[in-house]
Amino acid sequence: MIPNVTKGGRMGGLLSYLVGPGKRNEHTDPHLVAGDPALLAWHDDHELSKADALAIARHLDRPRTAFGLEVAGGHVWHCSLSIRADEGELSDEQWARIATGFLRKVGLDDNQGSKAPVRWAAVRHGLSAAGNDHVHLVVNLVREDGTKASVHNDFRRAQLACRELEAEHGLARLGSPDLAGRGYR
């Protein structure tokens, strides 16, 4: 798997893009495959509209707005996880397990209840223009109690998490943790 990590400050903009047509009309059937428990109780796996995306963005943003916090570099943490095109497609259930495991491995979960949870969503919207199956993880870095989730060394942690998840889920091993990318916006 190849992770691509970015940070920013526009939750609504990111989610609107993820449910929109994409750069080359490659986004089809955008839907949730995983997320925080409150989000999943509210949304199922139906196709998401722009109105749904904005409602999800407001839900994800609520801790930051409630506490009035700003996060240096942006409070929106976004990571796309992609498999090689020749690996075919995974099921929504497989992507849900991978997304949940990934957040745990990079330290953005609740650490078995010792930290307040973050609000997050995993959106799947079809194959990329190059034919890669992928999922997008969107995380608010302000936790439910107003503390900030640490993204120190997140790029390296994301690479290592992908190597572990490849082994756990029988995906092609990329071999080197240096094949991931970091994006800045």
Side-chain angles (χ1 to χ4, degrees), residues 1-11 13-15 17-18 22 30 32-36 39 56-57 60-61 63-64 71-87 89-112 114-143 147-185:
M1 272 187 306
I2 300 173
N4 184 14
V5 177
T6 60
K7 281 179 64 180
R10 296 184 54 237
M11 189 74 74
L14 174 58
L15 281 157
Y17 170 74
L18 294 178
L32 293 175
V33 295
D36 65 75
L39 179 64
I56 290 168
L60 296 179
D61 253 347
R64 184 190 64 84
V71 177
H75 70 283
V76 180
W77 191 86
H78 169 231
C79 182
S80 62
L81 299 175
S82 176
I83 61 172
R84 295 182 348 192
D86 63 3
E87 290 189 85
E89 292 184 54
L90 301 180
S91 70
D92 286 348
E93 293 77 17
Q94 288 171 300
W95 276 122
R97 287 191 299 275
I98 289 169
T100 303
F102 182 82
L103 284 183
R104 181 178 39 78
K105 290 176 185 298
V106 297
L108 291 175
D109 66 346
D110 67 357
N111 194 32
Q112 298 178 342
S114 68
K115 297 179 183 176
V118 295
R119 292 191 182 193
W120 68 284
V123 176
R124 187 174 182 202
H125 57 196
L127 301 178
S128 70
N132 302 78
D133 195 10
H134 64 287
V135 68
H136 294 265
L137 284 74
V138 181
V139 178
N140 180 358
L141 293 176
V142 178
R143 294 180 180 276
T147 60
K148 296 175 186 175
S150 173
V151 291
H152 176 71
N153 230 1
D154 61 337
F155 178 62
R156 179 77 174 148
R157 288 186 295 172
Q159 294 170 328
L160 295 173
C162 283
R163 300 302 79 79
E164 291 176 22
L165 289 164
E166 288 165 354
E168 291 172 19
H169 293 275
L171 299 169
R173 306 283 309 265
L174 294 180
S176 169
D178 299 324
L179 294 176
R182 175 179 281 289
Y184 292 95
R185 292 189 184 179

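Count residues from 1 along the sequence.
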Across all chains, not counting sequence neighbours, the side-chain contact (heavy atoms from CB on, under 4.5 Å) partners of Ala130 are Ser128, Asn132
#### Entry: From CA spacing to verdict: side chain to side chain contact (heavy atoms under 4.5 Å, CB included), Cys162, Leu81
CA-CA 8 Å; Cys162 283; Leu81 299 175; 3.8 Å; yes
Taken to the nearest 0.5 Å, the spacing of Asn111 CG from Arg104 CZ works out to 10.5 Å
The reported gap from CG in Asp61 to CD1 in Ile56 (rounded to nearest 0.5 angstrom) is 12.5 Å
Output for pair (Asn4 CG, Ser80 OG), nearest 0.5 Å, gives 4.5 Å
Shortest non-hydrogen pair, His152 vs Arg157, comes out as O-NH2, 3.0 Å
What verdict does the side chain to side chain contact (heavy atoms under 4.5 Å, CB included) test give for Leu137 and Leu103, after you've listed the backbone C-alpha separation in whole Å, the side-chain angles of each residue and the deciding distance to 0.1 Å?
CA-CA 9 Å; Leu137 284 74; Leu103 284 183; 3.8 Å; yes
Shortest non-hydrogen pair, Ile83 vs Leu90, comes out as CD1-CG, 3.8 Å
Applied to residues 71-81, the salt bridge (charged side-chain N to carboxylate O under 4.0 Å, His left out) test, sequence neighbours excluded, yields none
| task | Please check if the side chain of Asn153 supplies one atom and the backbone of Arg156 the other of a donor-acceptor pair under 3.5 Å. | result | no
Heavy atoms of Ile98 and Met1 approach each other most closely as CG2-SD, 3.7 Å
Test side chain to side chain contact (heavy atoms under 4.5 Å, CB included), reference Arg64, set Val71, Asn140, Val76, output is Asn140
Between Pro63 and Arg143 the two heavy atoms that sit nearest each other are CB-O, 3.6 Å
Evaluate the ring planes of Tyr17 and His125, with Trp represented by its six-membered ring, and classify them as parallel (under 30°), tilted (30 to 60°) or perpendicular (over 60°). perpendicular
So CZ of Arg124 and CG of Leu32: to nearest 0.5 Å the spacing works out to 12.5 Å
To the nearest 0.5 Å, atom CD of Glu164 lies from atom NE2 of His169 at 10.5 Å
Heavy-atom closest pair (Leu60 atom, Trp120 atom, distance to 0.1 Å) is CD2-N, 3.4 Å
- Message: Tell me if a side-chain donor or acceptor on Lys148 pairs with a main-chain N or O of His75 at a distance below 3.5 Å.
- Response: no
So NE2 of His78 and CZ of Arg10: to nearest 0.5 Å the spacing works out to 13.5 Å
In terms of heavy-atom contacts, Ala99 and Ala34 come closest through CB-CB, 4.4 Å
Do the side chains of Leu141 and Leu108 get nearer than 4.5 Å, heavy atoms only? yes
